[in-house]
Amino acid sequence: MHFGLNMECDYIQGKTEQDAFNDVFAQVDLADAVGLDGVWIAERHFSSSEAGQPSIASSPIVLSTAIAARTQRLRVGTGVYVLPLNHPVRIAEEVATLDYVSQGRFDLGVGRSGFTTAYEGYGYDYGESRERLQECLDVLVKAWTQERFSHQGKYYQFEDVCVTPKPLQQPHPPIYMAATTSESFPIAGRKRRNLVVGVRRTSVGQVKDSVRVYRETWREAGHPGHGDVTLRLPVYVAETQAEAHLVPEASALKYYRRLSESLTRSVGRAGTAADEDRARLARELANITYDDLLRDWVIFGTPEEVTERLQQLIEEIDLSGVILEMNAGGLVPIEHILASLKLFGERVAPQLR
């Protein structure tokens, strides 16, 4: 069972960008000290303070390299690397290099992002993002597993290219595909990808249904086993239930209201399948209450309560890992994040391994 810490690298207004980097490394150091298995760095672009969601996670590969260099045991992952915004050969080179820097401790989480903002900022067509993601993955695997490779695809063409270095992990670092839309789960199953699913657009109850589709598609494609599934969701731990509910309340509500606003802006854009679902979900999240979140979207509680709820999910979904969002929404002060992380590492994780 893998227990990881996801970081969007948000920071509270009034803090500096230097403060934000310091907070990231403080969380990494504590995660390492209390025995977590890994950290996962998001990729965020154009998240300005004016928009109310500042983040310093625009370069997850650079951040991951810095984390790998300061740790000896933790695995380092991207959660997620937005492949269509990047060149596949360059990704292949940088990931392989990072695999050596980390001494084989790197995990590549990939996705296309469910929102269009980053694509608009880069001047890319979001309508191409799903196809580009799949083709980019094909190029990466060729680059890592063949001494020289050629590729003639819709978006990328290469002739007799040799990528160096090859990854330390063989045949390549583990690849995890993020899935949030109904279209993503069967694709991940057919392609035999490890799955990372977040409690963002779907409640915990709906995640169970989506994972069932993934595993059914996996079996129908003739793959052995049934696929590794890692769940990412907001978790907060405190000594009392009252504190565990009070401290992250404003941040969690902001997190899901922000998702509602992003979904609303993306409805009808090219590449956004099932637009009616986006509009419906945007309305649902705009009106969600904190009691709704506590019931079926987040796990906030004492060490004993968090242990019990996670144990139930691990068994019901047959999870391979859990990635914790300790600061969903970006408003939880760093001292509270560290206290929650310490409690999880010392009093929750040992009960679940």
Side-chain angles (χ1 to χ4, degrees), residues 1-9 24 27-28 31 36-45 55 57-68 71 74-86 88 90-92 94-99 101-102 104-115 118 129-130 132-134 136-141 144 167 169 171-181 184-185 187-189 191-202 207 210-211 214 227-235 317 319-326 328:
M1 178 60 59
H2 172 96
F3 290 109
L5 175 65
N6 182 80
M7 287 187 286
E8 300 263 329
C9 306
V24 165
Q27 292 173 72
V28 167
L36 261 66
D37 302 299
V39 294
W40 299 75
I41 305 299
E43 180 174 350
R44 295 269 302 277
H45 298 284
S55 168
S58 58
S59 183
I61 286 292
V62 174
L63 265 179
S64 296
T65 303
I67 292 167
T71 57
L74 279 178
R75 296 194 65 83
V76 185
T78 50
V80 296
Y81 204 170
V82 184
L83 294 192
L85 296 182
N86 299 276
R90 186 65 174 175
I91 297 170
E94 292 185 343
V95 167
T97 302
L98 175 50
D99 204 32
V101 172
S102 68
R105 291 182 288 127
F106 183 68
D107 296 314
L108 179 64
V110 302
R112 67 182 185 116
S113 177
F115 305 110
S129 61
R130 193 181 300 278
R132 282 186 178 272
L133 171 63
Q134 298 304 323
C136 187
L137 279 172
D138 292 341
V139 171
L140 290 178
V141 172
W144 290 330
Q169 298 178 86
H172 51 71
I175 298 174
Y176 295 81
M177 179 176 287
T180 55
T181 65
S184 302
F185 290 93
I187 291 173
K191 294 284 188 178
R192 198 180 176 184
R193 304 296 186 196
N194 298 325
L195 184 71
V196 174
V197 55
V199 183
R200 293 169 66 91
R201 299 189 190 185
T202 55
V207 163
S210 298
V211 171
Y214 161 74
D228 286 348
V229 176
T230 298
L231 181 67
R232 187 182 105 184
L233 80 168
V235 173
I317 307 177
L319 296 173
S320 299
V322 176
I323 299 175
L324 317 167
E325 294 186 76
M326 288 282 183

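What you see below is based on every heavy atom in this structure, not just the backbone, and it leaves out hydrogens, waters and symmetry mates.
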With Tyr214, which residues qualify under ring-ring contact (aromatic ring centres under 6.0 Å, His included), at least two apart? Trp218
Is there a side-chain contact between Met177 and Ser184 (heavy atoms, below 4.5 Å)? no
Begin from the C-alpha positions of Val28 and Met7 and carry the test side-chain contact (heavy atoms from CB on, under 4.5 Å) through to its verdict. CA-CA 10 Å; Val28 167; Met7 287 187 286; 3.6 Å; yes
Which heavy atom of Pro60 sits nearest to which heavy atom of Tyr81, and what is that distance? CG-CD2, 4.3 Å
So His45 and Ser113, do their side chains get closer than 4.5 Å, heavy atoms only? no
So, do Val80 and Val196 sit near enough that their side-chain heavy atoms are less than 4.5 Å apart? no
Give, for atom CG of Asp37 and atom CZ of Arg105, the distance between the pair rounded to the nearest 0.5 Å. 12.5 Å
So which of Val207, Asn194, Leu195 actually passes side-chain contact (heavy atoms from CB on, under 4.5 Å) with Val229? Leu195
How far apart are the closest heavy atoms of Leu83 and Ile91, and which atoms are they? CD2-CD1, 3.7 Å
To the nearest 0.5 Å, what is the distance between CZ (Arg130) and OG1 (Thr181)? 4.5 Å
One should read off an interatomic distance between Tyr176 OH and Leu108 CG, to the nearest 0.5 angstrom, of 10.5 Å
Heavy-atom distance under 4.5 Å between the side chains of Val322 and Leu233, does that happen here? yes
Are Glu43 and Leu85 packed together at the side-chain level, in the sense that at least one heavy-atom pair is separated by less than 4.5 angstrom? yes
Rounded to the nearest 0.5 Å, how far does CZ of Phe106 lie from OG1 of Thr97? 11.0 Å
Report yes or no: does Arg232 contribute a side-chain atom to a donor-acceptor pair with the main-chain N or O of Ala178 at less than 3.5 Å? no
His172 meets the side-chain contact (heavy atoms from CB on, under 4.5 Å) criterion, sequence neighbours left out, with Val141, Trp144, Thr145, Pro167, Ile175
For residues Ser64 and Thr78, report the shortest heavy-atom separation together with the two atoms involved. OG-CG2, 4.2 Å
So which atom in Leu140 and which in Ala92 form the shortest heavy-atom distance, rounded to 0.1 Å? CD2-N, 3.6 Å
Minimal heavy-atom distance between Gly4 and Leu36, with the atoms involved, is C-CD2, 4.1 Å
Can you check whether Arg112 reaches Arg132 side chain to side chain, under 4.5 Å on heavy atoms? no
Can you see which heavy atom on Gly111 is nearest to which on Pro84, and at what distance? O-CD, 3.7 Å
Between Leu137 and Arg193, does the side-chain contact (heavy atoms from CB on, under 4.5 Å) criterion hold? Intermediate values first, please. CA-CA 10 Å; Leu137 279 172; Arg193 304 296 186 196; 3.7 Å; yes
Which residues pass the side-chain contact (heavy atoms from CB on, under 4.5 Å) test with Ser210, sequence neighbours left out? Phe185
Would you say Asp99's side chain and Gln169's backbone share a donor-acceptor pair under 3.5 angstrom? yes
